[in-house]
Trainee: 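First the structure, which I've put down as structure tokens, then a few questions once you've had a look.
Only heavy atoms go into these numbers, but all of them, side chains included; no hydrogens, no water, no symmetry mates.
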Amino acid sequence: GDQVEQSPSALSLHEGTSSALRCNFTTTTRSVQWFRQNSRGSLINLFYLASGTKENGRLKSAFDSKELYSTLHIRDAQLEDSGTYFCAARGSALGRLHFGAGTQLIVIP
Amino acid sequence: GALVYQYPRRTICKSGTSMRMECQAVGFQATSVAWYRQSPQKTFELIALSTVNSAIKYEQNFTQEKFPISHPNLSFSSMTVLNAYLEDRGLYLCGARDPGGDTGQLYFGEGSKLTVL
């Protein structure tokens with residue numbers, strides 16, 4: 001089965017509002033990465049976490065390795081935040097990532 | 001900072017022909033490179049893991065004969081899709097690991113989109 005369960009699959013936010021994405025892991029993972037994929041397909045690194053939380057501007061991510069989940073909070077959503085967000089859990093081998101199915105975010109004016 | 005350049009960005013090829021894509025790491029030494037394919041349905045598949053001075057490890061359903069990979073130094077890797085057919089279409093992404101940074105973090109190139117006619 002899937003090792004990474006990402007939700008929601010799609011999300012619409014009005015500009016200025018906030019929400020959170022979540023990934024649950026079915027097996028122990030050492031670290032998680034969050035990406036935003038833009039319309040051209042580029043995977044933009046947002047966060048890498050081995051534990052705890054990180055914050056960058058309006059984005060904040062947390063990773064709980066014991067409870068097997070990670071979250072990505074988007075605060076004060078802007079139009080440029082639109083895109084597909086993926087979490088990816090590190091697998092047993094360096095370089096192996098197990099991707100979630102993605103969250104398609106649309107920010108509405 | 002760590003950057004990964006990947007090219008070409010997109011290729012349209014006839015069925016049965018081949019496509020080569022290249023991946024260049026800038027600002028760090030890419031000791032490991034992972035090649036992924038994102039299907040039109042957006043799911044990611046790992047094709048192979050390449051580590052300099054080690055054998056390239058291919059995932060099930062992917063072979064060296066179909067997806068030969070070269071990783072000659074710490075800044076460059078290339079992969080070819082040989083005899084491409086419709087099922088090979090998708091976005092191919094290289095992810096390079098910076099051993100000097102966060103262990104396990106991958107930096108991805110912009111992807112090479114393959115369309116097969």
Trainee: Select one option (side chain, backbone, both, neither) describing which atoms of A:I44 are under 4.5 Å from chain B's heavy atoms.
Mentor: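 A:I44 has no heavy atom closer than 4.5 Å to chain B.
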Trainee: If only atom types and distance count, is the side chain of A:Q33 paired as donor or acceptor with the main-chain N or O of B:L106 below 3.5 Å?
Mentor: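 Yes.
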Trainee: Looking at A:N24, A:T29, A:T26, A:T27, which hits side chain to side chain donor-acceptor pair (under 3.5 Å) with A:Q3?
Mentor: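 Only one option passes, and that is A:T27.
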Trainee: Anything in residues 108-117 of chain B with a heavy-atom distance to chain A below 4.5 Å? Please list those residues in order.
Mentor: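 Answer by number: B:F108, B:G109, B:E110.
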Trainee: Would you please classify the geometry between the B:F28 ring and the B:Y107 ring as parallel, tilted or perpendicular, with 30° and 60° separating the classes?
Mentor: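 Judged by the thresholds at 30° and 60°, the geometry between B:Y107 and B:F28 is tilted.
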Trainee: Using a 4.5 Å heavy-atom cutoff, which residues in residues 75-94 of chain B come close to chain A?
Mentor: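 Interface residues of residues 75-94 of chain B: B:L91, B:L93.
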Trainee: Under the ring-ring contact (aromatic ring centres under 6.0 Å, His included) rule, what do A:F47 and A:F35 come out as? Steps first, then yes or no, please.
Mentor: CA-CA 7 Å; A:F47 292 104; A:F35 302 93; over 10 Å; no
Trainee: Quick one: list whatever passes ring pair (Phe, Tyr, Trp, His ring centres under 6.0 Å) with B:F44, sequence neighbours left out.
Mentor: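 Result, ring pair (Phe, Tyr, Trp, His ring centres under 6.0 Å) vs B:F44: A:F86, A:F99.
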Trainee: Going by an N to O cut-off under 4.0 Å, is there a salt bridge joining A:E5 and A:R22?
Mentor: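 No, no charged N to carboxylate O under 4.0 Å.
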Trainee: Do the side chains of B:Q64 and B:I69 get nearer than 4.5 Å, heavy atoms only?
Mentor: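 With C-beta onward as the side chain, the pair stays apart.
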Trainee: Show me, pair by pair, the donor-acceptor contacts under 3.5 angstrom made by side chains of residues 10-21 of chain A, not counting sequence neighbours?
Mentor:
unit_1: A:T17; atom_1: OG1; unit_2: A:H14; atom_2: N; d: 3.4
unit_1: A:T17; atom_1: OG1; unit_2: A:H14; atom_2: O; d: 2.6
unit_1: A:S18; atom_1: OG; unit_2: A:D76; atom_2: N; d: 3.1

Trainee: Given a strict heavy-atom distance threshold of 4.5 Å, which part of B:R9 is in contact with chain A: side chain, backbone, both, or neither?
Mentor: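 Contact with chain A: side chain only.
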Trainee: Counting only non-hydrogen atoms closer than 4.5 Å, does B:Q38 touch chain A with its backbone (N, CA, C, O), its side chain (CB onward), both, or neither?
Mentor: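 When you check distances to chain A, only side chain atoms of B:Q38 fall under 4.5 Å.
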Trainee: Looking only at atom types and distance, does a side-chain atom of A:S61 sit under 3.5 Å from a main-chain N or O of A:L72, one as donor and one as acceptor?
Mentor: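 Side chain of A:S61 to backbone of A:L72, a donor-acceptor pair under 3.5 Å: no, none is there.
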Trainee: What part of B:E59 gets within 4.5 angstrom of chain A, counting heavy atoms only: side chain, backbone, both, or neither?
Mentor: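 Side chain of B:E59 only, per the 4.5 Å heavy-atom cut-off to chain A.
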Trainee: Quick check: are there more than 12 heavy atoms from other residues, nucleotides or ligands sitting under 6.0 Å from NZ of A:K60?
Mentor: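 12 or below, so no.
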Trainee: So, does A:N56 use its side chain to make a donor-acceptor pair with the main chain of A:L59 at under 3.5 Å?
Mentor: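 It does not hold such a pair.
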